[in-house]
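This report concerns only the one structure given below.
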Amino acid sequence: MLKVYNTLTGEKEKFETIEAGKVKMYVCGLTVQNYSHIGHIRSAINYDVIRRFLEYLGYEVDYISNFTDINEKIVKRAVEEELTPEELADKYANAFLEDIREFNIKPADKYLRVSENVDEIIEMVTTLIEKDYAYEVNGNVYFSVESFEDYGKLSGRSLDEMQAGARIAVNEEKRNPLDFGLWKKVEAGEGWDSPWGEGWPGWHIECSAMSMKRLGATFDIHGGGVDLIFPHHENEIAQSEAYSGKKFVNYWLHNGTVNLSGEKMSKSQGNFFTSREVLKEFSGQEVRYFLLSRHYRSPIDFSYEKLEEAKISLERIKNTRHQLDKVLNFDIAAAAEENNEFFEEVILKKNSFVDALSDDFNTAEAIGVLHDLVGVINSYINQKDFTLNEKNFAILEETEEIFLELAEILGLKFELEAASEVKNTLADPLISLLLDLREKARENKNWEEADLIRDRLQEIGIDVIDTPHGTEWEINNIEENKGGS
RNA sequence: GGCGGCAUAGCCAAGUGGUAAGGCAGAGGACUGCAAAUCCUUUAUUCGACGGUUCAAAUCCGUCUGCCGCCUCCA
């Protein structure tokens, strides 16, 4: 049974969809004003895993996100980069789509853009005014927080509390300092026409208008970073429920922040790593693995040292996948005794893995289980007297399938290295020739010559690996790592 | 000031009433002519401090200490 932690209730709840077998989810995307940073990527990876797991469980998922492409920051950045706001938004939206591919994040089924949904937003604001939840002053429209009874239910605050400790600059147009803008007046030529004059949508209205347009007045999951709980999501609830008269979202999910030395990574503070600069040092898979090693609701401290550890840890899982594949290519011996015990353990681990993710998407625990599974497989195939036979062949094939299936839920790919160019050229037989010569030298206990061949190959970038099943070689990728992604 | 969260080995990190997952680093071992790679085994009588509830607590309650987030744009 899937349980999810719901910010709205502060509890883990049994997950039940509105429509059987279908999940409608909306995840707050980003303001496309710059390259994405690791904080954005954590959020995207987190909801990507949630989506993948829901799909694994058999749900049909409609996964929607957004690009906020209208606001002051975009205009400002556009001036800096000498682009039109549209061009700037396109540039960074496309950059984001390129980035998420590197992290193996599946794109949303639809990315909604504010600029393409202004009509819907105006319609929503109009209705809110008609229903007396909003008011217009000098071309600006504000939502009246006092008119919405449940205001504060998501963030667990009351209006009184908030007013007492308010740090909000006084705006004389607002009836209550906590009222928030639905429509913002801008100078002629810069905005969209509306019943209140030329302007832009306010800061929270887009997510409400766009999510409801695509998913309906009530949908299953709304996700985003914890830093969006207040005011962004609180305001979304207020305006959406005031508008529709229905519950907006059943499950509110919030991921923790990525920190640098304990402080939240954020654009405004300038302490962030863009995904692009990180990808120069580590692969998207390594970053992904690192981010998933911590439960999504907790903050995670980012550093290259930790990433290096994660990389090594991930390597262990990769090796097992490769060894498994190698073993499956052994000659099949005559049938031997079956080893059901091994496969039973595999199934046990598979179940534990699914249980971990069923408990509020506990990827950290799931990764732990994956390592357990790796241990089970390694122990089995590394036994001294291991031979491949008809019976364990089938079992191992199925094990490999399970292994890859589970990894896939986490978005981890353990692809077999495609035969590199070198292996397809003359170099391949040449290296084989050298290794044959080395083998001969070894047989004659001519260690000097054998080591010379190994060392010289190493110098050109070829690692020689002696295994119990013979000598192998591979191109060492140190240079490749230095060069970039 | 208000609201919320966190504190588990050298480091990272699961676990929320039944006697401490997993990873990194460390130690031992297997394999090897050596080396590398790989694999296996092992590493917390104890969960920030002090009290309390309970047959039983890292897990529940209280107090304290430290750190963080939100209250302003923010994933």
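Bear in mind the structure is a predicted one, so any value in this text is a computation, not a measurement.
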Ignoring hydrogens and geometry beyond distance, is the side chain of [X] in donor-acceptor contact with the base of [N] at under 3.5 Å?
{"X": "A/K306", "N": "B/C12", "answer": "no"}
{"X": "A/D463", "N": "B/A36", "answer": "no"}
{"X": "A/N259", "N": "B/G69", "answer": "no"}
{"X": "A/R316", "N": "B/C24", "answer": "no"}

Worksheet item: Taking atom C1' in both B/A35 and B/A9, what distance in whole Å separates the two?
Response: 33 Å
Worksheet item: If the C1' atom of B/C60 is compared with that of B/G15, how far apart are they to the nearest Å?
Response: 16 Å
Backbone of [Y] reached by a side-chain donor or acceptor of [X] within 3.5 Å:
{"X": "A/Y47", "Y": "A/L253", "answer": "yes"}
{"X": "A/R294", "Y": "A/I300", "answer": "no"}
{"X": "A/D179", "Y": "A/K174", "answer": "no"}

Response to the item:
salt bridge (Lys or Arg N to Asp or Glu O under 4.0 Å) test vs A/E408 passes for just one of A/R321, A/K106, A/R52, A/K413, namely A/R52
Could you tell me how far apart [X] ([atom1]) and [N] ([atom2]) are, to the nearest whole angstrom?
{"X": "A/D227", "N": "B/C74", "atom1": "CG", "atom2": "P", "result": "8 Å"}
{"X": "A/E206", "N": "B/A75", "atom1": "CD", "atom2": "P", "result": "11 Å"}
{"X": "A/E309", "N": "B/C12", "atom1": "CD", "atom2": "C1'", "result": "6 Å"}
{"X": "A/N362", "N": "B/U16", "atom1": "CG", "atom2": "C1'", "result": "12 Å"}
{"X": "A/R294", "N": "B/G23", "atom1": "CZ", "atom2": "C1'", "result": "14 Å"}
{"X": "A/K445", "N": "B/U32", "atom1": "NZ", "atom2": "C1'", "result": "12 Å"}

Worksheet item: Is the phosphate of B/U38, meaning OP1 or OP2, less than 4.0 Å from a side-chain N or O of A/R321?
Response: no
Worksheet entry | Pair assignment for B/G66, Watson-Crick or G-U wobble, requiring both distances under 3.5 Å | B/C6
